[in-house]
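Presented below is the structure to which this report refers.
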2 protein chains.
Amino acid sequence: MRTADKHAKIIEAAIRVFSRQGFFHARISDIAKEAQVADGTIYLYFNNKYDILISLFEEEIGKIILEVKLLLEKEDDPRQMLRIFALHHLKMMDDRRELAEVLQMELRQSNKFMREYRNTKFVEYLDIVSGIVKQGQASGIFRATVLPGVFKRAFFGALDETSRLWVLLPDPRYTIEESAGQISDIFLSGILAPPA
Amino acid sequence: MRTADKHAKIIEAAIRVFSRQGFFHARISDIAKEAQVADGTIYLYFNNKYDILISLFEEEIGKIILEVKLLLEKEDDPRQMLRIFALHHLKMMDDRRELAEVLQMELRQSNKFMREYRNTKFVEYLDIVSGIVKQGQASGIFRATVLPGVFKRAFFGALDETSRLWVLLPDPRYTIEESAGQISDIFLSGILAPPA
DNA sequence: AAAAAATGGCTGAATACTCATTCAGTTTTC
DNA sequence: GAAAACTGAATGAGTATTCAGCCATTTTTT
């Protein structure tokens with residue numbers, strides 16, 4: 001076996017290069033150099049440049065989904081589950097700055113310009129939030145008037161925009177825990193059923 | 001007058017072309033054709049391709065800021081002001097789909113890859129929200145514990161992510177008013193001072 | 001056990017483009 | 001008849017992808 005998991009090596013290199021240069025400015029030769037591999041080798045593992053990006057999304061978001069689902073398994077209070085999701089999301093984006101940049105910068109474009117690609121994993125990630133909302137509504141803890149489909153977008157949007165703040169220019173004024181707490185507090189006040 | 005405001009014509013054409021193809025896939029010749037102008041003419045009004053994008057951001061966001069500030073002038077209750085901001089934002093994104101797509105897709109990249117460009121107008125737009133929050137906190141209507149800098153990001157992120165939903169695939173299940181109302185409700189519950 | 005043959009992962013220079021930008025020339029304006 | 005505005009073909013830089021061959025390893029032959 002000559003290959004020391006070149007596939008993974010190339011994905012990791014691509015994360016670094018895309019985060020530095022953006023997808024369009026990244027050259028295949030840059031990724032190859034970063035992965036310590038020849039340009040041509042990349043085409044043994046991926047069909048083309050887009051395919052690297054799509055594989056990267058699916059694989060990395062897949063890992064994140066597994067992580068957060070594992071954390072949520074241990075909890076059954078939907079209020080705590082939302083807090084866990086928020087904190088995990090921000091922590092993860094902070095721990096993996098380079099991946100965070102790629103997701104924030106390139107994921108949006110991808111839906112539009114890679115027509116066939118449906119971002120299936122990303123939808124699955126968002127649906128974790130609407131799942132929590134539905135669970136909370138079923139048990140009467142959350143208001144039934146809140147639309148889970150609107151809530152999941154708003155909640156994710158708030159987290160995403162907040163984490164972009166640090167990724168672009170880390171701001172020591174707010175800690176991750178503080179931001180995650182504030183966002184969770186705001187959304188929880190907005191969704192909690194009024195005391196009977 | 002041979003020029004029937006070519007500058008504006010080119011910007012408008014660029015909005016359409018960028019929204020269809022994205023900045024990187026858009027050719028100068030596509031924009032020229034759309035604006036019914038020769039390729040070279042574009043370089044009489046803009047320095048280069050990036051400059052079209054940046055001018056587009058500054059000018060269009062500038063118009064949006066004027067609009068929303070005009071609406072907010074008439075109101076002095078910070079609660080209503082937040083509702084107005086949310087509704088106006090979503091309405092505007094819905095009315096001007098093509099512009100919305102360009103802002104959503106390209107604005108993020110721009111910060112990173114046009115180093116010198118600081119997105120000044122965008123910051124000004126966000127600061128309208130933190131301004132409202134500070135005003136509400138000063139008058140005791142809003143909790144002082146909420147950080148305006150976190151709140152503005154979260155609020156804008158929620159609106160932005162929500163509007164992307166329709167821009168990509170219009171969903172007849174939620175109206176603009178309903179979504180704007182839900183988001184405002186959530187954030188207002190999160191920021192209102194508890195009744196004394 | 002040595003030599004020969006086959007395998008296939010890997011390489012990187014060459015190809016085959018695609019556009020952003022320029023500028024010499026044309027048309028319009030005053 | 002200058003000056004200004006405009007045109008669009010030509011230029012040339014930049015790069016995704018290909019592919020003919022290399023070589024470490026494994027398999028077959030002697």
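All figures in this text were calculated on a predicted structure; none of them were measured in a lab. Per chain, numbering begins at 1; letters A, B, ... match sequence-line order. Keep in mind that the numbers below use all heavy atoms, side chains included, and drop hydrogens, waters and symmetry copies.
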Inset, instruction - Measure from NE2 on A/H7 to P on C/dG9 and round the result to the nearest Å. - result: 15 Å
Legend entry - Under 4.0 Å protein heavy-atom contacts per nucleotide of nucleotides 8-13 of chain D, with B for base, S for backbone only and - for none: B-----
Inset, instruction - May I ask you to test the A/Q137-A/V133 pair for a side-chain heavy-atom distance under 4.5 Å? - result: yes
Legend entry - A/I28 CD1 - D/dA16 P separation (whole Å): 6 Å
Inset, instruction - Using whole Å, report how far CG of B/L44 lies from P of D/dA4. - result: 13 Å
Inset, instruction - Could you check how far CD1 of B/I42 sits from P of C/dA20, rounded to whole Å? - result: 10 Å
Legend entry - Backbone N/O of B/D94 and side chain of B/R97: donor-acceptor pair under 3.5 Å: yes
Legend entry - A/I10 CD1 - C/dT11 P separation (whole Å): 9 Å
Inset, instruction - Rounded to the nearest angstrom, tell me the gap between atom CD in B/Q36 and atom C1' in D/dT7. - result: 15 Å
Legend entry - Salt-bridge criterion met for A/E12 and A/K9 (N-O under 4.0 Å): no
Inset, instruction - State which of D/dA5, D/dT17, C/dA20 makes the closest approach to the side chain of B/Y43. - result: C/dA20
Inset, instruction - Rounded off to whole Å, could you give me the CZ-to-C1' distance for the B/F24 and C/dT18 pair? - result: 15 Å
Inset, instruction - Output yes when at least one side-chain N/O atom of B/Y45 is less than 4.0 Å from OP1 or OP2 of D/dA5, else no. - result: no
Inset, instruction - Any salt bridge (charged side-chain N to carboxylate O under 4.0 Å, His left out) involving residues 176-190 of chain B? Give me the pairs, sequence neighbours left out, ordered by first then second residue. - result: B/R83-B/D185
Inset, instruction - Check B/Y43 against B/N48 and note the closest heavy-atom contact, atom names and distance. - result: CE2-CA, 4.0 Å
Inset, instruction - Take the protein atom NZ of B/K33 and the nucleotide atom C1' of D/dT7, then report the distance between them rounded to whole Å. - result: 15 Å
Residues 145-159 of chain B side chain polar contacts: donor-acceptor under 3.5 Å, at least two apart:
unit_1 : atom_1 : unit_2 : atom_2 : d
B/K152 : NZ     : B/D127 : OD1    : 2.7
B/R153 : NH1    : A/E161 : OE2    : 3.1

Legend entry - Side chains of B/K74 and B/Q80 in contact at under 4.5 Å (non-hydrogen atoms): no
Inset, instruction - Tell me whether the OP1 or OP2 atom of C/dC10 has a side-chain N or O from A/K6 closer than 4.0 Å. - result: yes
